[in-house]
Asker: 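Sending over a structure as structure tokens; questions will come in a sec.
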Amino acid sequence: MEKEDNFADWYLDIVEKANLSDKRYPIKGMNVWTPYGWKAMMNIDHFIRKELDATQHDEVCFPLMIPETEFKKEKDHIKGFDSEVYWVTHAGLNELDVRLVLRPTSETAMYPMFALWVRSHQDLPLKIYQIVNTFRYETKQTRPFMRVREIHFFESHTCHVSEEDAQCQIEEDVEILSKIAKRLCLPYFLSVRTDWDKFPGAYYTVGIDTVMPNGKTLQIGSIHHYRTNFSEPYEITYENENGEHKHVHQTTYGMSERLLGAVIGVHSDDKGLIMPPDIAPFQVVIIPIFSKDNSAVVTEAARGLLSKLSDHGIRAKLDDRDVRPGSKYFDWEIKGVPLRLEIGGRDIENNVATFARRDNGEKGTIDLDSVGQGVELILGVISSALMERAKNILMSKVQEIDSLENMPEGRILKFGWCGCEECGHKFEDTYELKILGTPYNSKEKYAGRCLVCGKETDRSVIAARTM
RNA sequence: GGGCCCGUGGGGUAGCUUGGUAUCCUUGUAGCUUCGGGAGCUAUUGACUCCGGUUCAAAUCCGGGCGGGCCCA
């Protein structure tokens, strides 16, 4: 199956062959996490926890269901979600007086509680997060990890005394993002979404996007500044030093299992998946190579190798199935194990293991005496190489244009925009592209003309086809 | 909301027009021989989405349900 020519089919094929998830569960858009896929997701979650904990966020877990009465309090919010939530209308044999929604996101579950938790400025900042499943009734075509109805994600919610403090939180979120993305070897770009595309109820939204091989962008997360848009209806207030009661300023930040979808799309090739070493369920697979009379010796050497790597904190797997080596190579290549180690009679004689890199096919030998350090080094090199390659691909797809003539296909376009909705909609409708927004915190000053109306502007936007 | 299409072993499929024995690849299981890039041989498990109708007989024709996909709004 070829990645470039038919990304959609290729993607489904890889997900199935690598056994990341089982999409045969009889509800559209609700797939079963199989062990291999779940291991990878847990590794991603591990880094999310690590970074959020390191920045003084506390993990919590809120109930799945939200009463309609709370859900309705923020009117923009429900307007954005009411067509895509699941309703619980009955309990046992009774119809409920107050219907319940399965959370599509947890603002309306958390904020009534925040109102109770936050009393004084000394309670702030409040920084919490949870890693849970949410539910959205997708009507479009679903795709494993990328567009699902039950979404595994993390959401962090913060409350601050002022808009400035909330803004600092957003900077911190961007910092956290860069650390997580590095683990996944994922390049991305940030855009401040247009007003008509921002999160329902947000003051502004920063979208986090990456690009798939077919040139379409995939949103992998978002960061929102709410100002007091939620704290007003939910009455989340604090008492300041002067005894005045003020509404808190809030932010949220969320990324989902799409991170895994993005990793698959960005790094894999026609042979299968390529797992970034940090999140790979198995970083190394050991293939013993037997010949006529040496099976005991080779088995022992392979087990020794496994325990050395494990002692070194490397996730290694010994494939001792009774099939030929070539068949094992194929199996683990599909699953994207970053490094393969072969050990056979020849290697044992020379006190080495033969390695093969998944990302570029490079082969060589590693000294068995220092195999832990050797493997660690190569895994680091693979991470950098994956990141580098992905960055180059992303950069190569970005193109700046200053005219509506000869618009390139399959590119991420950058151009001037006067900022008015009319020009924005006109562009989106005419070219079937989506305006992702203006580059977030861009250092460079833009000077040009609005691509649609020709008015001079210092504002640029990014537009692309989206997954 | 309107229209169209599809449902066959674990996965991918043929068969359906013209009703009668369900095809092939892959996978799984057991054994023997093998093992530095998908091994071979032998044996073997496994399917017509569900309910109803027509018929001597339904994967095939008809109606409905469920599940999935596509297009338009």
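By convention in this document, chain letters (A, B, ...) are assigned in the order of the sequence lines, proteins followed by strands, and residues within each chain are numbered from 1.
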Asker: For A:Thr142, report the nucleic acid contact type (base, sugar-phosphate, nothing); a contact means any heavy atom under 4.0 Å.
Answerer: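 Sugar-phosphate, no base atom in range.
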
Asker: Which letters describe nucleotides 26-42 of chain B, given B = protein heavy atom under 4.0 Å from base, S = only from sugar-phosphate, - = neither?
Answerer: --------BBBBBB---

Asker: Would you say the side-chain atoms of A:Asn294 and A:Ser291 include a donor-acceptor pair closer than 3.5 Å?
Answerer: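 Yes.
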
Asker: Looking at side-chain heavy atoms only, is the closest gap between A:Arg315 and A:Asn43 below 4.5 Å?
Answerer: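 Yes. Closest side-chain heavy atoms under 4.5 Å.
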
Asker: Polar atoms only, N or O, under 3.5 Å: list the protein pairs with nucleotides 8-10 of chain B and their distances.
Answerer:
from	atom 1	to	atom 2	distance (Å)
B:G10	O3'	A:Arg24	NH1	2.6
B:G10	O2'	A:Arg24	NH1	2.6

Asker: Assert yes or no for the condition that the ring centre distance of A:Phe71 to A:Phe81 is strictly below 6.0 Å.
Answerer: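 Between A:Phe81 and A:Phe71, which both carry aromatic rings, the centre distance is not below 6.0 Å.
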
Asker: Between A:Tyr253 and A:Tyr129 (judged by ring centroids, cut-off 6.0 Å), do the two rings come close enough to count as a pair?
Answerer: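 No, ring centres 6.0 Å or more apart.
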
Asker: Pick base, sugar-phosphate or nothing for A:Ile287, based on heavy-atom distances below 4.0 Å to the nucleic acid.
Answerer: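 A:Ile287: no heavy atom of the nucleic acid under 4.0 Å.
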
Asker: Pairs in or reaching into residues 276-301 of chain A: which pass salt bridge (Lys or Arg N to Asp or Glu O under 4.0 Å), with residues at least two apart or in two chains?
Answerer: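 Salt bridge (Lys or Arg N to Asp or Glu O under 4.0 Å) check on residues 276-301 of chain A returns A:Arg183-A:Asp278.
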
Asker: Classify the side-chain pair A:Thr228/A:Glu232 by whether it contains a donor and acceptor separated by less than 3.5 Å.
Answerer: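 Present: a donor and an acceptor within the cut-off.
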
Asker: Taking the ring of A:Phe135 and the ring of A:Trp87, is the distance between their centroids below 6.0 Å?
Answerer: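 Between A:Trp87 and A:Phe135, the centre distance exceeds or equals 6.0 Å.
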
Asker: Going by atom types alone, do A:Thr105 and A:Glu107 pair a side-chain donor with an acceptor below 3.5 Å?
Answerer: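 Indeed, the side chains of A:Thr105 and A:Glu107 share at least one donor-acceptor pair under 3.5 Å.
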
Asker: Can you tell me the base-pairing partner of B:G37? Count Watson-Crick or G-U wobble geometry only, both distances below 3.5 Å, and say none if there is no partner.
Answerer: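 Partner of B:G37: none.
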
Asker: The criterion is side chain to side chain donor-acceptor pair (under 3.5 Å); which residues satisfy it with A:Asp197, sequence neighbours excluded?
Answerer: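 A:Asp197: side chain to side chain donor-acceptor pair (under 3.5 Å) contacts with A:Lys434.
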
Asker: Would you list the protein and nucleotides 71-73 of chain B atom pairs, both N or O, that sit under 3.5 Å from each other?
Answerer:
none

Asker: According to the ring pair (Phe, Tyr, Trp, His ring centres under 6.0 Å) rule, which pairs have a member within residues 284-330 of chain A, sequence neighbours left out?
Answerer: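 Counting only pairs at least two positions apart or across chains, no ring pair (Phe, Tyr, Trp, His ring centres under 6.0 Å) contact touches residues 284-330 of chain A.
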
